[in-house]
Amino acid sequence: MDFELRRAREKLEKEQKERKEKARAKLERERKANAEAKKQREAIEAAQRSRRLDAAEAQLKADQQMEESVLTGRGIMFYRLLEAVPYQGIGDKIKLPPSCFTELSDQGALDKGPMYFQLSVVHQEGSSDMASTDMDNRRTTHSGVLEFTADEGSVALPPHVWHNLFPGGTIKTLLIEVRYVWLPKGTYAKLQPEGIGFLDLPNHKAILETSLRQHATLSQSDILTVNYGELAYKLQVLELKPSSSVSVLETDIEVDIVGPDSASERTDQHALSPLVLGKLEAGLVEEGNYIYYKFSIDNDTWGRIASGDARVEVRVEAETDGGDTDLYISRHPLIFPTRHQHEWSSHDIGSKALILSSRDNNLGAATYSVGVYGFKGRSKYQISVSIEDDFKRKLGQQAASSSSAMEIDTVECRNCKHYIPSRTIALHEAYCSRHNIVCQHAGCGIVLRVEEVKNHVHCNKCGQAFQHGEMEKHMKVFHEPLHCPCGVVLEKEQMVQHQASVCPLRLIACRFCGDMVQAGNSPVDARDRLRGLTEHESICGSRTAPCDSCGRAVMLKDMDIHQIAVHQKS
C-alpha cells in the first residue's frame, strides 16, 4: 500500500514539474516573441522616421533649388533634364525643344531680354547617392539660345558648348541639366592661348572680338576657339569680372591676353620666329612641314628701297643631301604663306634666294612672313634677310650711259643672234657655230654650250626651260593639282590667283568693321556686287549707325551715298 501511494505521489510530482516546465517554456517563448515584435516595431518606426526625414530634406532641398532658380532667373524658374545631341554651328547658342519656348514664354522670359542657360553634365550612374564633391566638380558652362526647333527631350549643342561639357574622347552620359539663369554684363576677361602663335596674329584682339560676336556668354575655365582662316587657336578663360560667368552681348569688355605657359614646347609649326636683318638663323624642317619666320621693313628702310638704292634679299642656304626646301614670302595680314597662298616664292633645288625691290607692287613698309617648306626629306638650312645696296642698278645705268656715248658698228650673228662688232664678226661666227647651239623651242632661243644641250629641257605644259634634274620638282610644284578648302582643284599658278581674289575662304580686311574675316561668296544683293562688296561686307555693312550730321540711322554701306545725297558732302 505504501509503495503504491509513493508511486502515485512521484507520478503527481513529475506531472506537476512537467506542467511547470511547459508553462515556463511558454512564458519564455512569449517573452522572446514580444521582444522580437518590439524590435520589429522599433525598426519599422526608425525606417518610417528616416523616410520622413529624407522626404523633409528632399523637400527642403527642392525648395532651396526653387528659391535659387527664382533668384538666379530673376523671377523665372526653368529646369529641364535633356539628352544632348551635337549640331554644326558657331558660337555658343543652343537649340531647345518647342515646349521650352512655351514654358519660358508663359513666365515672361521673352520680355526680359536675351535668355541665358546654365548647362551641367548629369552623372546617371549612382546619381541618387552622389557625393556633394562630385556635384560641385561636374562640368558646367553657359550658353544663349538660337532657336526652339530641337526634338522633344533633347538639346542641340554647337561644337563650342559640346567640347566644354564633354572634353574627353569617351562620353559616358549624354544627359545634361538645362537651367535658366540671369548673367551680368562682362567688364573684364583674362585669356591664355593654349599654344604659341596666336599673339603673332596682326591685330589679334580684333580677331578675338570678331569671334566673341558669335557668343552670348563666357564662363571661367571654358576653352574658346578662335578661327583665323584655316587655323584654329584655343584660348582658356582664366578670369572674368564681375562674376565667373558673364554676358558678352552688347557690352565692352576689357580683354587681357597673357602669353602661353612657358613650359609648353614649341611644337606648333604655325608660330613666327623673328629674323634679325643680316643675321643667320639655322633650322631643320621635315617633309611636308613649314617653319615660319618674320621680319619688318621700317619707313626709313622702305625709303631707300623705294628710291632704288637698296633691295631686300631673303636667302636660304640648304644642304641637298637627300632633302630639299621651298621658300615662300607673304605680307601681313597673310601671316602663314603656303604652297598656294603667298606673294613671292622660290623653288630652286638647294640654296635659293628671293630679291624684293621697288619694282614689286606689294612691297612696302610692313611686316613680312617667311615660310621654309620641307619639299622632300629632312632638310637642314640657314636663313637670313638682309638689305643690300643695289649696285647692279647703278652699274647698269652707268653702262647704259657709256654705251650710248659710244656708238659701235655691230652685226647680228647668224647663229646666236647676238650683235657683235663688225670687225670681229667672222671670227665670232666661226667659233660660235662650233661651240654654241641655239635652243629651237618656240619662244626660248637661249644659247647653249654643246655639252649643255642634253641637260636643257622644256616643260610640255607651260614651255618653261629647266635643267633635266629640275623637271620632276617643277611638275610636282606647278602642275600637280591642288585642292582648295572651298572645293576647287587647280594648278599652282591658278590656285594662287584663286585664293588671292576669288576664294570665299580668303581673308580680307572688312571696310566696315576693320577685322580680318573670310570674304565669303558673292553677295545676294546685286547693288552690293556692283559696289565690289564681299558677302561678309554686304552683311556687316547692313548694320546701322547714326549719321554724324543729322543723327539719322543709316546702314554703313549706304553712309557715303547718304552724305552725298542728303548733305552734299563729297
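By convention here, the first residue in the shown sequence is residue 1.
- Note that the OG atom of Ser221 and the CG atom of Leu240 stand 9.0 Å from one another [nearest 0.5 Å].
- Scanning all heavy atoms of the two residues, the minimum distance from His479 to His474 falls at NE2-NE2, 3.2 Å.
- The backbone N or O of Cys432 sits less than 3.5 Å from a side-chain atom of Asn415, completing a donor-acceptor pair.
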>> If you apply the rule salt bridge (Lys or Arg N to Asp or Glu O under 4.0 Å), what do you find for Lys234 with Glu194, and how did you get there?
In response: CA-CA 6 Å; Lys234 296 185 181 298; Glu194 287 191 346; over 6 Å; no
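- In this structure, Leu218 and Leu212 have side chains that are in contact, with non-hydrogen atoms separated by less than 4.5 Å.
- Under the 4.5 Å side-chain criterion, counting only non-hydrogen atoms from C-beta, Asp324 is in contact with Lys473.
- For Thr251 (side chain) and Gly186 (main-chain N/O), a donor-acceptor pair under 3.5 Å exists by modelled atom type.
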>> For a side chain to side chain donor-acceptor pair (under 3.5 Å) check, start with the C-alpha distance between Ser422 and Asp409, then their side-chain angles and the critical distance, and finish with the verdict.
In response: CA-CA 6 Å; Ser422 58; Asp409 185 17; 3.2 Å; yes
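- Remark: side-chain polar atoms of Arg506 are paired, donor with acceptor, to backbone N or O of Val502 under 3.5 angstrom.
- For the residue pair Ser386 / Glu313, no side-chain donor-acceptor distance below 3.5 Å is found, with atom types taken as modelled.
- One finds the OH atom of Tyr431 at 14.0 Å from the OG1 atom of Thr424 (value rounded to the nearest 0.5 Å).
- Using modelled atom types, one side-chain atom of Tyr292 and one backbone atom of Pro337 make a donor-acceptor pair closer than 3.5 Å.
- A heavy-atom distance below 4.5 Å is found between the side chains of Ile94 and Pro158.
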> Going through the checks in order, is the side chain to side chain donor-acceptor pair (under 3.5 Å) test met by Tyr188 and Asp256?
Replying inline: CA-CA 8 Å; Tyr188 173 82; Asp256 279 345; 3.0 Å; yes
>> With side chain to side chain contact (heavy atoms under 4.5 Å, CB included) as the criterion, how do Leu224 and His215 come out once you've worked through the C-alpha distance, each side chain's angles and the decisive distance to 0.1 Å?
In response: CA-CA 10 Å; Leu224 179 67; His215 290 257; 3.5 Å; yes
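- Residues Leu363 and Arg331 share a closest heavy-atom pair of C-NH1, 3.8 Å.
- Heavy atoms only, all atoms of each residue included: Cys413 and Ile425 are closest at CA-CD1, 4.1 Å.
- Between Ser345 atom OG and Leu354 atom CG the span is 7.0 Å, to the nearest 0.5 Å.
- The distance from the OG1 atom of Thr140 to the CD atom of Gln220 is 12.5 Å, given to the nearest 0.5 Å.
- Here Asp525 does not pair with Arg531 in a salt bridge; the nearest charged N to carboxylate O distance is not below 4.0 Å.
- The shortest non-hydrogen separation linking Val477 to Lys492 is O-CB, 3.4 Å.
- For the 3.5 Å distance criterion, the side chains of His332 and Ser369 qualify, holding a donor opposite an acceptor.
- Around the CG atom of Asn299, the shell of radius 6.0 Å holds no more than 12 heavy atoms that belong to other residues, nucleotides or ligands.
- Within the 4.5 Å cutoff, the side chain of Tyr233 has no heavy atoms near those of the Pro193 side chain.
- With values rounded to the nearest 0.5 angstrom, Ser296 atom OG is found 7.5 Å from Lys294 atom NZ.
- The main-chain N or O of Ser143 is never found under 3.5 Å from a side-chain atom of Asp92 such that the two would form a donor-acceptor pair.
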> Run the side chain to side chain contact (heavy atoms under 4.5 Å, CB included) check on Leu482 and Val489 step by step: do they pass?
Replying inline: CA-CA 5 Å; Leu482 299 174; Val489 180; over 6 Å; no
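- The main-chain N or O of Asp222 is never found under 3.5 Å from a side-chain atom of Ser219 such that the two would form a donor-acceptor pair.
- Here the side chain of Glu343 pairs no donor or acceptor atom with the backbone of Ser330 at under 3.5 angstrom.
- Within 6.0 Å of the CD atom in Gln88, the count of heavy atoms belonging to other residues, nucleotides or ligands does not exceed 12.
- Using a 30° and 60° split on the angle between ring planes, His347 and Phe478 fall in the perpendicular class, above 60°.
- Under the 3.5 Å distance criterion, the side-chain polar atoms of Asp360 are matched with a main-chain donor or acceptor of Ser357.
- Using modelled atom types, one side-chain atom of Arg529 and one backbone atom of Val524 make a donor-acceptor pair closer than 3.5 Å.
- Heavy atoms of other residues, nucleotides or ligands lying less than 6.0 angstrom from NZ of Lys376 number 12 at most.
- The nearest pair of heavy atoms linking Gln499 to Pro485 is NE2-CD, 3.8 Å.
- The side-chain heavy atoms of Tyr368 and Val314, taken from C-beta on, include no pair separated by under 4.5 Å.
- Ring to ring, His428 and Tyr419 are not that close: their centroids are 6.0 angstrom or more apart.
- Between Glu286 and Arg378 there is a salt bridge, since a side-chain N of the basic residue sits under 4.0 Å from a carboxylate O of the acidic one.
- Taking the ring axis of Phe512 as reference, the NZ or CZ atom of Lys557 does not stay both within 45° of it and closer than 6.0 Å to the ring centre.
- To the nearest 0.5 angstrom, Leu275 atom CG is 8.0 Å from Ser273 atom OG.
- At least one side-chain heavy atom of Ile387 sits under 4.5 Å from a side-chain heavy atom of Leu277.
- Aromatic rings from Phe336 and Tyr290 are positioned such that their centres are separated by 6.0 Å or more.
- In this structure, Asp389 does not pair ionically with Arg311, as no charged nitrogen and carboxylate oxygen lie closer than 4.0 Å.
- For Arg527, the CZ atom counts as loosely surrounded, since its 6.0 Å shell holds 12 or fewer non-hydrogen atoms of other residues, nucleotides or ligands.
- Across all their heavy atoms, Val285 and Tyr373 have their closest contact at CG2-C, 4.3 Å.
- Note on Lys352 versus Asp326: no salt bridge recorded, every NZ/NE/NH1/NH2 to OD/OE distance being 4.0 Å or above.
- Under the 4.5 Å side-chain criterion, counting only non-hydrogen atoms from C-beta, Arg315 is not in contact with Ile383.
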>> For Leu235 and Val226: C-alpha separation, side-chain torsions, deciding distance, then whether side chain to side chain contact (heavy atoms under 4.5 Å, CB included) applies.
In response: CA-CA 8 Å; Leu235 289 80; Val226 178; 3.8 Å; yes
> So His163 and Thr225, side chain to side chain contact (heavy atoms under 4.5 Å, CB included) or not? Walk me through it.
Replying inline: CA-CA 10 Å; His163 294 312; Thr225 301; over 6 Å; no
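- The backbone N or O of Arg414 lies less than 3.5 Å from a partner atom in the side chain of Glu429, making a donor-acceptor pair.
- Considering only heavy atoms from C-beta on, Leu157 stays 4.5 Å or farther from Pro86 through its side chain.
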